[in-house]
Structures are given as C-alpha cells and as structure tokens.
Amino acid sequence: MTVKLNKKAFENAKHLIRDGKAVKDTRDDWSEHAPSTGDENSFLDKHGHAEYSKWFLGVDDEHPDDQKGHYNSRSVTSRRSTAVQ
C-alpha cells in the first residue's frame, strides 16, 4: 500500500486553517467524535466522493477513488461539524 498526498484535501485543510475553521485536536478528541460508518455513508450519499475526499490527506491508489478505502489520513476537522465534515 502506497499512500500519496491528496492535494485537494491539503488545499482544503489550508483554507480551513487560514479561515479559523479548524479545531485543534487534543488527545482522544477525534476518537470521541469520529463519525460512525453510517454517518460516513450518509455523507457520501448526500455529497458524493468528490466532497468526501476533501477530508483525507492521503489517498491509496490500490483502491478505486469511488471506495472509502481509497481515502486515508483524515485531515483537519471543521468547527461547523465533528461529523465527516
């Protein structure tokens, strides 16, 4: 498995940080607020893989880009939501 930088997610993360819309993660914050599989699937149904991909800094080309396994290394969390967004 080779994980590469997802440039779209990197630009999204920089934009969120610059605009003050990122939340600094402290120990165990993400694990306590991580979206469930159902939440992720609902987000995908509503927004599609293009929007979903903006939240993962890594991509694994061994998986097609229309599968969740393609996306790796979740990036910043927006203050708007602790769900998949």
Side-chain angles (χ1 to χ4, degrees):
M1 172 175 86
T2 302
V3 177
K4 299 177 186 174
L5 177 65
N6 179 354
K7 293 177 184 178
K8 186 179 0 178
F10 182 64
E11 291 302 318
N12 185 54
K14 289 193 309 185
H15 176 77
L16 290 170
I17 293 165
R18 182 182 61 241
D19 292 348
K21 296 181 179 175
V23 175
K24 183 178 180 184
D25 187 29
T26 58
R27 184 169 176 82
D28 295 327
D29 276 354
W30 179 248
S31 61
E32 293 178 15
H33 296 99
S36 68
T37 300
D39 290 339
E40 287 186 342
N41 291 339
S42 294
F43 184 90
L44 278 166
D45 289 342
K46 185 175 181 182
H47 301 284
H49 281 87
E51 188 66 24
Y52 181 79
S53 71
K54 291 180 183 179
W55 302 100
F56 296 87
L57 289 172
V59 290
D60 180 356
D61 287 334
E62 291 184 17
H63 297 275
D65 62 3
D66 64 347
Q67 291 182 358
K68 288 195 294 185
H70 181 74
Y71 304 101
N72 201 313
S73 306
R74 194 176 301 276
S75 66
V76 298
T77 303
S78 171
R79 287 185 181 181
R80 291 188 222 168
S81 174
T82 56
V84 174
Q85 299 180 17

Please list, chain by chain and in numerical order, all residues satisfying side-chain contact (heavy atoms from CB on, under 4.5 Å) with [X], sequence neighbours excluded.
X: Ser53; value: Asn6, Lys8, Tyr71
X: Asp19; value: His15, Lys21
X: Leu5; value: Lys7, Phe10
X: Glu11; value: Lys14

Original post:
Do the side chains of Lys68 and Leu44 get nearer than 4.5 Å, heavy atoms only?
Top reply: yes
Original post:
Any side-chain heavy atom of Tyr52 within less than 4.5 Å of one from Asp65?
Top reply: no
**OP:** State, to 0.1 Å, how close Pro64 and His70 come at their nearest heavy-atom pair, and which atoms those are.
**Re:** O-CB, 3.1 Å
Original post:
Which residues satisfy the salt bridge (Lys or Arg N to Asp or Glu O under 4.0 Å) test with Lys4, sequence neighbours excluded?
Top reply: Asp61
**OP:** Would you please test Asn72 and Phe56 for side chain to side chain contact (heavy atoms under 4.5 Å, CB included) and show each step?
**Re:** CA-CA 6 Å; Asn72 201 313; Phe56 296 87; 5.7 Å; no
Original post:
In Å and rounded to the nearest 0.5 Å, what is the CG to NZ distance from Asn41 to Lys46?
Top reply: 15.0 Å
